[in-house]
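Numbering of residues begins at 1 and proceeds along the displayed sequence. All values below come from the heavy atoms of this structure, side chains included, with hydrogens, waters and symmetry mates left out. Remember, predicted model here, so these are calculated numbers, not experimental data.
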Amino acid sequence: MFIEKVIGDLGEKRRWRQYKAGAKQLPESYRTAVDAFERYLLVLGPGGGVKIFEDLLDLFEQSAADRTPIQEVVGADPVEFIDAFAQNYQEDSWKNRERERLLRAIARAAGEDTGTGR
């Protein structure tokens, strides 16, 4: 299942369930925003586990507690907001691992082409 690939082992699954339970406790408008960002991150995000979702939830829980308007939290461009937010989680992303794998494969292929034996 796709979610299992995103969230990983049993500890991660427990954290994922806790995140989902916390998101359900948000006021409706904040929950709607978190759900929208969750979907975006699951499709286009950096991967790397549940930490990004926990941190997003923390931000929206605090914003709801402070009654900070959603537009004030995310700014004028929600895509820019979530992309900037997600950049903090790039290091462990599956995209970075695949980029590294591609670079190594091309380096090996280039080494074979040039006869260097890499």
Side-chain angles (χ1 to χ4, degrees):
M1 188 164 134
F2 177 74
I3 292 296
E4 289 174 350
K5 288 183 180 182
V6 172
I7 62 174
D9 65 30
L10 290 176
E12 290 277 301
K13 289 178 185 179
R14 185 178 325 106
R15 290 172 55 200
W16 179 258
R17 286 191 298 271
Q18 290 171 337
Y19 153 74
K20 292 299 281 184
K24 286 181 181 179
Q25 299 301 313
L26 289 170
E28 184 178 355
S29 59
Y30 293 88
R31 184 175 60 246
T32 299
V34 167
D35 288 346
F37 286 128
E38 176 187 312
R39 173 155 173 70
Y40 182 88
L41 289 170
L42 286 172
V43 174
L44 299 173
V50 73
K51 179 71 172 142
I52 190 170
F53 299 102
E54 292 170 328
D55 291 349
L56 185 66
L57 178 60
D58 287 344
L59 174 64
F60 276 87
E61 285 175 333
Q62 187 61 51
S63 299
D66 295 341
R67 297 183 181 188
T68 304
I70 293 170
Q71 202 67 50
E72 194 173 313
V73 176
V74 304
D77 186 349
V79 173
E80 183 179 311
F81 163 80
I82 199 62
D83 286 346
F85 187 88
Q87 282 184 346
N88 295 317
Y89 303 86
Q90 292 291 331
E91 189 173 305
D92 290 334
S93 82
W94 62 269
K95 291 177 185 176
N96 281 345
R97 289 189 300 272
E98 288 305 316
R99 286 181 184 125
E100 289 299 318
R101 183 178 292 161
L102 173 63
L103 291 173
R104 286 192 307 271
I106 297 303
R108 281 192 311 273
E112 291 171 5
D113 289 345
T114 61
T116 61
R118 279 194 222 168

*Asks:* Apply side-chain contact (heavy atoms from CB on, under 4.5 Å) to Ile70 and Thr32, showing your working.
*Replies:* CA-CA 10 Å; Ile70 293 170; Thr32 299; over 6 Å; no

*Asks:* So do Leu44 and Asp83 actually touch side chain to side chain, heavy atoms under 4.5 Å?
*Replies:*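 Of all side-chain heavy-atom pairs linking Leu44 with Asp83, none is under 4.5 Å.
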
*Asks:* Could you name each residue pair satisfying salt bridge (charged side-chain N to carboxylate O under 4.0 Å, His left out) that touches residues 20-33, not counting sequence neighbours?
*Replies:*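 Sorted result for residues 20-33: Lys20-Glu38.
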
*Asks:* Check side-chain hydrogen bond (donor to acceptor under 3.5 Å, both in side chains) between Glu80 and all other residues, then give those that pass, not counting sequence neighbours.
*Replies:*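 Per chain and number, Glu80 pairs via side-chain hydrogen bond (donor to acceptor under 3.5 Å, both in side chains) with no residue.
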
*Asks:* Might you point out which heavy atoms bring Ala86 and Ile52 nearest each other, and give the distance in Å?
*Replies:*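 Reported closest heavy-atom pair: CA-CD1, 3.8 Å.
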
*Asks:* Which residues pass the salt bridge (Lys or Arg N to Asp or Glu O under 4.0 Å) test with Asp55, not counting sequence neighbours?
*Replies:*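 So Asp55 forms a salt bridge (Lys or Arg N to Asp or Glu O under 4.0 Å) with Lys51.
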
*Asks:* Taking all heavy atoms of Tyr19 and all of Val34, pick out the closest pair and write down the distance.
*Replies:*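 Looking at all heavy atoms of both residues, the shortest contact is OH-CG1, 3.5 Å.
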
*Asks:* Taking atom CG of Leu103 and atom CZ of Arg108, what is their separation to the nearest 0.5 Å?
*Replies:*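 The distance works out to 11.0 Å.
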
*Asks:* Quick one: CD1 on Ile82 to OH on Tyr40, what's the gap to the nearest 0.5 Å?
*Replies:*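 Reported value, rounded in 0.5 Å steps: 8.0 Å.
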
*Asks:* Once you round to the nearest 0.5 Å, how far does CG of Leu56 lie from CD of Glu61?
*Replies:*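 Separation between the atoms: 10.0 Å.
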
*Asks:* Show the nearest heavy-atom pair for residues Leu26 and Ala64, with the distance to one decimal.
*Replies:*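 Scanning both residues, the minimum pair turns out to be CD2-CB, 4.5 Å.
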
*Asks:* At their closest point, which heavy atom of Ser63 faces which heavy atom of Val73, and how far apart are they?
*Replies:*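 Looking at all heavy atoms of both residues, the closest pair is OG-CG2, 3.3 Å.
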
*Asks:* Minimum heavy-atom separation for Val74 to Phe60, with atom names?
*Replies:*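 Nearest pair, atom of Val74 first, then Phe60: CG1-CZ, 3.9 Å.
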
